[in-house]
Enquirer: 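Right, I'll just put the structure down here and ask away after.
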Protein chains: 2
Amino acid sequence: EQEVVSGIAYSRDEAKITLTRVPDRPGAAAGIFGPLADEHINVDMIVQNVSAEGGATDLTFTVTRADFDRAMKLLRDRQSEFGFEELRPDQDVVKVSVIGVGMRSHAGVALTMFKALADKGINIQVISTSEIKVSVLIAEEYTELALRSLHTAYGLDAA
Amino acid sequence: EQEVVSGIAYSRDEAKITLTRVPDRPGAAAGIFGPLADEHINVDMIVQNVSAEGGATDLTFTVTRADFDRAMKLLRDRQSEFGFEELRPDQDVVKVSVIGVGMRSHAGVALTMFKALADKGINIQVISTSEIKVSVLIAEEYTELALRSLHTAYGLDAA
Ligand SMILES: C[C@@H](O)[C@H](N)C(=O)O
Ligand SMILES: C[C@@H](O)[C@H](N)C(=O)O
């Protein structure tokens, strides 16, 4: 699968915010993103997995560091309205993405990425994909190490 | 934000598989995608949120319906090796994506999408984003209703 990866991208301007146990019923996500959009908070990633038993699930999104304080204030002020249990911020993350063209399956590209990170002891906190990308959030201190390992893993090192 | 949405895409060829409580330590994801890649299983979405206490998190991915049975067999056979607690499949989903160009923030586009679905009582099971897309998994029975509501919400209806 290595021939399909065209590059590695990253963004340090990502502050991760997780809302735990958001009620898993229609309208819950809209109820949260309404105010965020009204306040013009710059949201990049949005990740939500299925709910386990209990009808609630965690919702994670990233905002630019410039909008972090405003986002946190909004979320704290409206916690009971939004219905989440805990507010878990983490500003020490970096988003790293592998960009592939024509990936029929993401399995091979994802494997190479996950293995390269694992081999350096880097824990993968969040995973999100699109047609042309596999993106992860990892601890920001690993930025250079991750980029170097990924370039090598995909054969993208300068000749 | 409506002017930046260029279209709505969807895929019914998505079988959702959730592995609950995958150990949240380096190597866990690689350990799962290695065999999936070796078996040439066609993986589309991969979504993982942060772990709550307990050092484990849920990992959800979708495979093509043609690969569902093979994927399930592989996962069942290797459950103890992969370390997850439960295997939760769901073939009755559709992936619906809003495609936007030049979205500075995803908040507005996501809000419109989430609200359109909420207004029709459609529950959002999984959310994943990329630079140009906000994608959700919803129950497959809502496909037409979701597409119609989203086209209207973004002003994409035929004139
Ligand atoms: C959790 C949240 O996404 C909820 N399921 C909703 O549809 O809004
Ligand atoms: C859960 C899984 O992603 C794990 N954190 C890993 O790095 O492999």
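Numbered from 1 within each chain, the chains take letters A, B, ... in sequence-line order. Just so you know, these numbers use all the heavy atoms, side chains as well, and skip hydrogens, waters and symmetry mates.
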Enquirer: Tell me whether Ile99(A) is reachable from Phe33(B) by hopping between hydrophobic residues (I, L, V, M, F, W, Y) whose side-chain heavy atoms are closer than 4.5 Å.
Expert: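 Hydrophobic grouping puts Phe33(B) apart from Ile99(A).
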
Enquirer: With a 6.0 Å cut-off (strictly less than), is the heavy-atom count around NZ of Lys95(A), excluding the residue itself, greater than 12?
Expert: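 It does: Lys95(A) NZ has more than 12 such atoms within range.
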
Enquirer: For the candidates Val50(A), Asp38(A), Ile32(A), which exhibits the highest count of non-hydrogen atom pairs separated by less than 4.5 Å from chain B?
Expert: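 Among the listed options, the one with the most contacts to chain B is Val50(A).
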
Enquirer: Sub-4.5 Å heavy-atom contacts with chain B: which residues of residues 117-151 of chain A show up?
Expert: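 Residues in range: Ala118(A), Gly121(A), Ile122(A), Asn123(A), Ile124(A), Gln125(A), Val126(A), Ile127(A), Ser128(A), Thr129(A), Ser130(A), Glu131(A), Lys133(A).
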
Enquirer: Does anything in residues 55-78 of chain B get under 4.5 Å of chain A by heavy atoms, and if so which residues?
Expert: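 Within residues 55-78 of chain B, near chain A: Asp58(B), Leu59(B), Thr60(B).
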
Enquirer: Where does Ala116(B) contact chain A at under 4.5 Å (heavy atoms): side chain, backbone, both or neither?
Expert: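 For Ala116(B), no heavy atom lies under 4.5 Å from chain A.
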
Enquirer: Closest approach of Ala29(B) and Phe114(A), non-hydrogen atoms and distance?
Expert: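 The pair with the smallest heavy-atom distance is CB-CD1, 3.6 Å.
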
Enquirer: Where along residues 11-22 of chain A does a heavy atom come under 4.5 Å of chain B, listed by residue number?
Expert: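 At a heavy-atom separation under 4.5 Å, chain B is reached by Lys16(A), Thr18(A).
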
Enquirer: Is any residue of residues 40-48 of chain A within less than 4.5 Å of chain B by heavy atoms, and which ones?
Expert: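 Against chain B, the residues of residues 40-48 of chain A that fall inside the cut-off (heavy atoms, under 4.5 Å) are Ile41(A), Asn42(A), Val43(A), Asp44(A), Met45(A), Ile46(A), Val47(A), Gln48(A).
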
Enquirer: Arg88(B) and Ser51(A): which non-hydrogen atoms are nearest, and at how many Å?
Expert: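 Result for this residue pair: NH1-O, 3.9 Å.
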
